[in-house]
There are 2 protein chains.
Amino acid sequence: MFVEPEQRSSTVSTLGPMRSRSFQVGPDPAGTPPEAVGPRLSVDRIVDVAIDQMRAHGYDAVTMRSIARELGTGPASLYAHVANRDELDQRVVGRVCAQWHIPDPDPERWDTQVRESMIGLLTLFRANPGVARCTLGMVSLDAGLLQVTDRLLALLAAGGVSDQHAAWFIDVGCLYVASVAVEEDIWRERAAPPRPAGEERFAFGVELLVTGLRELAGD
Amino acid sequence: MFVEPEQRSSTVSTLGPMRSRSFQVGPDPAGTPPEAVGPRLSVDRIVDVAIDQMRAHGYDAVTMRSIARELGTGPASLYAHVANRDELDQRVVGRVCAQWHIPDPDPERWDTQVRESMIGLLTLFRANPGVARCTLGMVSLDAGLLQVTDRLLALLAAGGVSDQHAAWFIDVGCLYVASVAVEEDIWRERAAPPRPAGEERFAFGVELLVTGLRELAGD
DNA sequence: ACCTGAACACCGTTCAAGT
DNA sequence: ACCTGAACACCGTTCAAGT
């Protein structure tokens with residue numbers, strides 16, 4: 001399991017160590033700080049590369065060293081931008097989950113909306129193989145989900161779910177989705193065929209949780 | 001994160017490399033093969049040490065090298081008994097889950113028995129910190145649970161749950177229990193106080209799953 | 001068959017030094 | 001402040017050699 005020489009797409013790989021300020025294009029009015037035109041390293045660039053490498057080669061192939069290599073530097077340079085590997089993984093989850101769309105609550109069909117949201121998260125993990133594995137080391141998925149937690153809480157509140165139950169449900173639900181995604185990643189890496197009836201199995205788990213919640217909120 | 005000199009309990013640490021056949025006690029009739037009296041290394045001894053070290057120092061502190069060190073040999077020696085680290089982790093889970101007690105089905109209160117079984121698994125993981133983390137790399141917990149899966153299926157059958165739903169429920173249920181145990185391990189390793197209301201939170205998840213199952217099995 | 005020492009090809013992280 | 005080379009203290013695994 002190693003990272004190949006990388007004939008990956010576009011821009012990133014063409015940015016060698018010789019990139020300099022003189023390549024600047026467009027207006028550069030008086031006070032534009034240097035960072036605005038793209039410093040060699042940044043948290044965003046590091047997270048970008050981490051996600052790209054996970055998608056291309058799987059979670060295990062991504063290391064501080066492989067990221068640094070692609071950015072044309074040594075591993076030590078990354079530590080000016082992220083504290084350690086754990087923080088990097090957390091930021092990767094944050095970046096991906098920021099794309100998670102949760103609808104405005106419709107009290108008539110809040111449970112369907114919850115089901116759809118959980119499927120949406122799985123879809124996101126499937127589009128970014130390896131990222132789900134980053135969540136396993138985290139104490140709680142919530143840390144990477146601050147942005148969307150409020151919208152999820154609103155959805156559940158529309159169904160009459162108490163704040164406490166809602167918080168616990170989000171915990172359990174995200175844990176379930178992430179676990180399924182991690183399993184799928186492992187199968188994919190072993191080049192095993194996707195488990196038959198995988199979709200039904202996932203739907204059943206979602207159904208268990210939502211039905212349980214509807215029932216418990218009813219009384 | 002390193003393994004301390006080990007002032008661990010009883011027998012294991014006193015078995016030095018000088019252990020010899022002459023310590024044999026009891027009858028040794030004609031044909032007893034040498035393995036019967038305890039070879040220096042064996043899968044069981046390796047798994048024993050792995051579990052002991054996880055309990056004492058956490059999952060991350062246990063490596064092929066730390067296990068070999070305690071057994072008075074080098075890491076290469078372990079590979080005569082286990083194929084790799086993944087297989088070792090799987091055997092650790094198998095050993096611990098073999099202690100999982102699942103009651104004979106009582107159709108009157110099958111759902112309570114399911115609840116109690118899930119609490120029983122969490123109790124087992126709590127008694128063996130670090131072991132839950134071994135399950136995360138496994139494709140499915142089932143691999144380490146062959147022994148008890150049949151008894152769980154019987155329990156669910158007594159509640160009128162279909163075989164397919166039962167299999168899926170066991171998957172989801174075990175995944176949930178293991179995830180909660182892993183979270184608790186991480187908190188413990190960070191010396192953080194156990195999350196307040198942790199017990200209630202776990203019970204809520206169990207309740208979601210069992211209520212959902214009862215409802216879905218009802219129709 | 002079982003065990004070993006030594007090596008291979010890696011890790012994450014630190015640190016003094018440079019700009 | 002940001003970046004670097006070199007080093008530290010590890011990993012899992014392999015392999016030729018021993019018994």
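Below, read A as the first sequence line, B as the second, and so on, with proteins coming before strands; counting in each chain starts at 1.
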Nearest to the [X] side chain among [options], which nucleotide is it?
{"X": "Leu41(B)", "options": "dC3(C), dT13(D), dT13(C)", "value": "dC3(C)"}
{"X": "Met64(B)", "options": "dT4(D), dG12(C), dG12(D)", "value": "dG12(D)"}
{"X": "Arg85(A)", "options": "dG12(C), dC2(C), dG5(D)", "value": "dG12(C)"}

Atom pair distance, as rounded to whole Å: [atom1] in [X] and [atom2] in [N]:
{"X": "Asp60(A)", "N": "dC10(C)", "atom1": "CG", "atom2": "C1'", "value": "13 Å"}
{"X": "Arg69(B)", "N": "dG5(C)", "atom1": "CZ", "atom2": "P", "value": "14 Å"}
{"X": "Ile46(A)", "N": "dC2(D)", "atom1": "CD1", "atom2": "P", "value": "11 Å"}
{"X": "Arg40(B)", "N": "dC2(C)", "atom1": "CZ", "atom2": "P", "value": "14 Å"}
{"X": "Tyr59(A)", "N": "dC11(C)", "atom1": "OH", "atom2": "P", "value": "13 Å"}
{"X": "Tyr79(A)", "N": "dA7(D)", "atom1": "OH", "atom2": "C1'", "value": "14 Å"}

Subject >> Phosphate OP1/OP2 of dC3(C): any Thr73(B) side-chain N/O under 4.0 Å >> reply: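 No, because none of the side-chain N or O atoms of Thr73(B) sits under 4.0 Å from OP1 or OP2 of dC3(C).
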
Original post:
Does dA1(D) have OP1 or OP2 sitting under 4.0 Å from an N or O in the side chain of His81(A)?
Top reply: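 Answer no for this pair, as no side-chain N or O of His81(A) is under 4.0 Å from OP1 or OP2.
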
**OP:** Can you tell me the pairing partner of dA1(D) across any strand shown, Watson-Crick or G-U wobble, with both distances under 3.5 angstrom?
**Re:**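 Checking every strand shown, dA1(D) finds its partner in dT19(C), with both distances under 3.5 Å.
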
Original post:
In Watson-Crick or G-U wobble terms, both distances under 3.5 Å, what is the partner of dA6(C)?
Top reply: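 dT14(D) is the nucleotide pairing with dA6(C).
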
Original post:
What nucleic acid atoms does Ser77(B) come within less than 4.0 Å of, heavy atoms only: base, sugar-phosphate, or nothing?
Top reply: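 Ser77(B): base contact, heavy atoms under 4.0 Å.
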
Original post:
Between Asn84(A) and Glu87(A), is there a donor-acceptor pair closer than 3.5 Å when you use the side chain of the first and the backbone of the second?
Top reply: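 Such a contact is found between Asn84(A) side chain and Glu87(A) backbone.
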
Original post:
Does the side chain of Gln164(A) pick up a donor-acceptor pair with the side chain of Trp168(A) at under 3.5 Å?
Top reply: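 Yes, side-chain donor-acceptor contact under 3.5 Å.
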
Original post:
Given that Arg65(A) and Leu78(A) both sit by DNA chain D, which one's nearest nucleotide is further toward the 5' end?
Top reply: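 The residue mapped nearer the 5' terminus is Leu78(A).
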
Original post:
Are Arg85(B) and Tyr79(B) in a cation-pi setup, meaning NZ or CZ lies under 6.0 angstrom from the ring centre and within 45 degrees of the ring axis?
Top reply: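 That pair does not qualify as a cation-pi contact.
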
Original post:
Can you say whether the rings of Tyr176(A) and Phe202(A) are parallel (under 30°), tilted (30 to 60°) or perpendicular (over 60°)?
Top reply: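 Correct class here is parallel.
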
